[in-house]
Amino acid sequence: MLETIWFILWGVLWAVYFMLDGFDLGLGSLMPALAKDEKERRIIYNAMGPFWDGNEVWLITAGGATFAAFPVAYAVMFNGLYSALLLLLFALILRGVSFEFRGKIDSPGWRSLWDACLVIGSFLPALLLGVAFANIFQGLPIDNEGVYHGTFFGLLNLYGIAGGVLFVVMFMLHGALWLAVKTEGVLQGRASRFASRLWAALLVTAVLFLVLSFLATRLFDNYLKMPLLWIIPAAAVAALILTRAFMLRGAYGKAWMSSAATILFITFFSVAGLYPDLLPSSLDPGYSVTAFNAASSQLTLKIMLGVALVMVPIVIAYQTWVYVFLRGKVTEKDLAYEEAY
Amino acid sequence: MDVLMLSRLQFAVATMFHFLFVPLTLGLSILTAIYETMYVRTSDPDYKRAAKFWGKLFLINFALGVVTGITLEFQFGTNWSRYSKYVGDIFGSLLAIEATLAFYMESTFIGVWLFTWDKVRPGMHAFFIWLVAIASNISALWILIANGWMQHPVGYVMRNGRAELDDFMAVVTNKFAALEFLHTVSGAYILAGFFVMGVSAYHLLRKNETGFFKKSFSVAASFALIFALLEAFTGDASGVEVAHTQPAKLAAMESHWETGSHVPMYLFAIPDPANEKNSVETLPVPDLLSLLAFHDPSAEVKGLKDFSAADRPPVTLIFLSFRIMVGLGTLLVFLAAFGWLKRKDIERYPGYLRLMMYAIALPYLAIETGWVVAEVGRQPWIVYGVMKTADAVSILATSQVAVSLAAFVALYSFLGAIDFYLLAKYARKGPIH
């Protein structure tokens, strides 16, 4: 029972991470396309500025919760996906410092260097997370000892790449919508036009990914066993359609929230299909790392559940407060603020 | 080199580099909060400028502390996966608690603080930086509870082929961890105090903003002196705790080979581990080691020869690191005390101020060597008495770890150089008018 609760929590933590960091990873990747001059680039930095760090903590927590609740899964996943995860880490490091470093020396070359780091450091994590999770969905070559028998380039198979593209497009749409929320005028118009194209791209990629999932994974087994679960993908589709409907009305805030819901439900869709596996084995289903054979002791699960039930709502409460409190548009006046990025 | 040695080196690089930034984060967040609180209390605009100026340096430093911290969490999985499996039940939960309790608060409110100077009342704004300061120190507490468990594991049972949690309160109230926390944060506060004193000294020597920097200096000198004195007490208590829980580490710290009572301490010694003795030892202070280790001049202190060679940590490195740490710690007390005594007219002591500019490096060195004593001194154990480091390493190809280690060194050197340059640049620039 506790294992199942923790499995759900594990899915929720990853979903919230994708939903929050998704927009700044997507916006960072899109920056060269969206910003035409230095002023617009600074607006983009400042639109993410107060939020990206708090968003990234959800990754630390999703990782930490995996470590605490399912240490075997943590060990197998991080050991097996060594090169991919360290690449992700290096990218996140470069992205993180680019915010702080960029404005500290007044030279165009210096700024371009950190702009490049922001773009690569945003695009690569989006892609790698998609590739990694798609490979998890279709099963990793792990034996009964949890030893990984694949290679880094083996992750770049058709389904893995489809997952990567899905994440990139999904995050870019989320990011473009965020910029439309945070800006006005020309930049908002450009963000909105990009969002329209990305929405169409997401529709195509998502359908493609679903078809491939049907062919390449066992994700649908749970849905056949428990038809009630179809509510989740239905909600994802509804959220995706709502995103477009709000975009057409120029209600970017609501469109962004619908896009957030899309990301949440797409993640829930895969996690529900995965259960009880955390890391299915492609060598033999019996070797899979599951919520039951990877779990911590009952005592640890209980204590950690207590911590999560108290702390996660508190975190959500103050992070929501921050988003509401700092909700205004980023304007030229904000760029003149002495602490601005 | 094999995967084990490469992984150990990689962990050492990642941790020691991370810990170049953490102490200043811990201490300077508090000092910035103090300056801003003084502004709220007195309305003296110099204190607002102080909060902004030191806050800016805090942020340049903070950025690297945050991004290099993620590396550490990742590495337990990537390079020490068998460790993660074996003790994740306890260790993993402590890391997760750290993230939910502290890391969110720190990372969320640093952005709020930065962007709301003109959006909220001064009292509210000061409250934000206090949240950051408190959160980063809570973060240190949980990380050190986790490290304390590796040093002196308590509250667990061996079950299902791994260490499982048995008594959570025992883990949280582990005395070893409590002492480690106090010793580490005091060290961090000293470092931050010396950082502020050193940067202030630079400007005082140039007669730049003398009033402003005297105020900064004065607060920092009091702060550094209080914690430099406290550091001696927590250091002494930690030594006693190590003597009781990790006798091999204590023996290595003093290069003490033969078990005996009434053990003296040699003020000068050169370890000769190959021949299991010291090639030189002079200037003995009678009974001092017994007294320091057990607070009893006649106490028996175990020598390294009581442990098989395979169970001994590397003696020379620990012995030297320990001496450097203690020597520097003592020197810092005197430097801080002088600054505090003369704080009213500190600009009249240019020799001291010049010294203090360079003294910024000293607490960094003391802290890093202190961690060498703590972590290398625990070897060959990763969890003392429970798991050997050699049994903890991941299953990886040597080339994978060699490449990642090279990448870490290259990336960290690049970022470290930039961060150092930016800190120096903005420290020299001084506060905005």
Side-chain angles (χ1 to χ4, degrees), chain A residues 46 49-54 56-61 63-72 74-79 81-83 85-86 89-90 92-97 99-101 104-105 146-148 296-297 299-300 303-304 307-308 311-312 315 318-319 322 325-326 337-340, chain B residues 52 59-60 62-64 66-68 70-71 73-74 76-78 81-82 84-85 87-93 95-101 103-105 107-112 114-118 159-160 162 164-166 168 394-396 400 403-404 407 411 415 418-419 422 425-426 432:
Chain A
N46 285 285
F51 309 107
W52 74 270
D53 196 5
E56 202 171 288
V57 182
W58 287 90
L59 172 66
I60 316 279
T61 310
T66 316
F67 197 175
F70 306 113
V72 177
Y74 187 74
V76 172
M77 178 177 166
F78 277 69
N79 188 347
L81 304 181
Y82 187 88
S83 304
L85 284 170
L86 286 185
L89 178 72
F90 292 139
L92 289 176
I93 289 176
L94 284 177
R95 177 180 74 133
V97 294
F99 282 91
E100 188 58 38
F101 286 175
K104 291 286 185 292
I105 293 178
V147 178
Y148 179 75
S296 281
S297 64
L299 179 61
T300 294
I303 290 172
M304 290 311 296
V307 172
M311 289 314 298
V312 173
V315 170
Y318 64 64
Q319 286 205 338
V322 171
F325 183 64
L326 298 175
Y337 177 64
E338 108 188 39
E339 317 292 336
Chain B
K52 282 204 169 191
L59 282 163
I60 295 172
F62 180 77
L64 270 194
V66 170
V67 294
T68 55
I70 310 174
T71 309
E73 189 201 28
F74 270 45
F76 289 111
T78 51
S81 67
R82 286 191 287 165
S84 298
K85 257 188 221 180
V87 304
D89 199 63
I90 299 152
F91 191 84
S93 47
L95 289 196
I97 291 174
E98 184 260 346
T100 50
L101 223 57
F103 202 24
Y104 278 112
M105 194 154 100
S107 304
T108 306
F109 286 99
I110 189 72
V112 176
L114 184 63
F115 280 90
T116 55
W117 276 102
D118 52 3
R159 200 191 290 143
N160 302 321
R162 63 178 179 180
E164 292 195 349
L165 185 64
D166 182 49
F168 183 66
S394 287
I395 299 157
L396 292 165
Q400 276 178 299
V403 170
S404 63
L411 180 66
L415 296 179
I418 291 172
D419 208 68
L422 289 177
K425 173 182 154 142
Y426 280 90
I432 296 166

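Computed from a predicted structure; not experimentally measured. Order of the sequence lines sets the chain letters (A, B, ...), proteins ahead of strands, with each chain counted from 1. Any value given below was found using the heavy atoms of this structure, including those in side chains, with hydrogens, waters and symmetry copies removed.
The contact between L326(A) and chain B is made entirely by side chain atoms (from C-beta outward), counting heavy-atom distances below 4.5 Å. Of the atoms belonging to L85(A), heavy atoms from both backbone and side chain fall under 4.5 Å from chain B. Looking at L94(A), only its side chain comes within 4.5 Å of chain B, counting heavy atoms on both sides. Only the side chain of L95(B) comes within less than 4.5 Å of a heavy atom in chain A; its backbone stays farther off. Interface remark: I395(B) contributes backbone and side-chain atoms alike to the contact with chain A (heavy atom separation under 4.5 Å). In this structure, chain B has a heavy atom under 4.5 Å from the side chain of V147(A), while its backbone stays farther away. Neither the backbone nor the side chain of F70(A) comes within contact range of chain B; no heavy atom of the residue lies under 4.5 Å from a heavy atom of that chain. Interface residue I303(A): only side-chain heavy atoms are found under 4.5 Å from chain B.
Within the 3.5 Å criterion, the main-chain N or O of Y82(A) finds no donor-acceptor partner in the side chain of Q400(B). Between the side chain of T108(B) and the main chain of M105(B), no donor-acceptor pair closer than 3.5 Å is present. Listed for the E164(B) side chain is no donor-acceptor partner under 3.5 Å among the backbone atoms of D89(B).
Annotation: maximal heavy-atom pairing with chain A below 4.5 Å, among V112(B), L101(B), L59(B), occurs at L59(B). Of the listed residues (T61(A), V76(A), V97(A), L81(A)), the greatest number of heavy-atom pairs within a distance under 4.5 Å of chain B belongs to T61(A). Among the candidates F325(A), W58(A), Y148(A), the residue making the largest number of heavy-atom pairs closer than 4.5 Å to chain B is W58(A). Interface remark: of the candidates V312(A), N79(A), T300(A), V322(A), N79(A) forms the most heavy-atom pairs closer than 4.5 Å to chain B.
In this structure, the side chains of L92(A) and L59(A) come closer than 4.5 Å at one or more pairs of heavy atoms.
Partners of E100(A) by salt bridge (Lys or Arg N to Asp or Glu O under 4.0 Å), not counting sequence neighbours, listed by chain and number: K104(A). For R82(B), there are no salt bridge (Lys or Arg N to Asp or Glu O under 4.0 Å) partners two or more places apart in sequence or in a different chain.
Between F109(B) and Y318(A), the ring centre distance stays below 6.0 Å.
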Set out, in order, the CA-CA distance, both residues' side-chain angles and the distance that settles side chain to side chain contact (heavy atoms under 4.5 Å, CB included) for I93(A) and T71(B), then state yes or no.
CA-CA 9 Å; I93(A) 289 176; T71(B) 309; 3.8 Å; yes

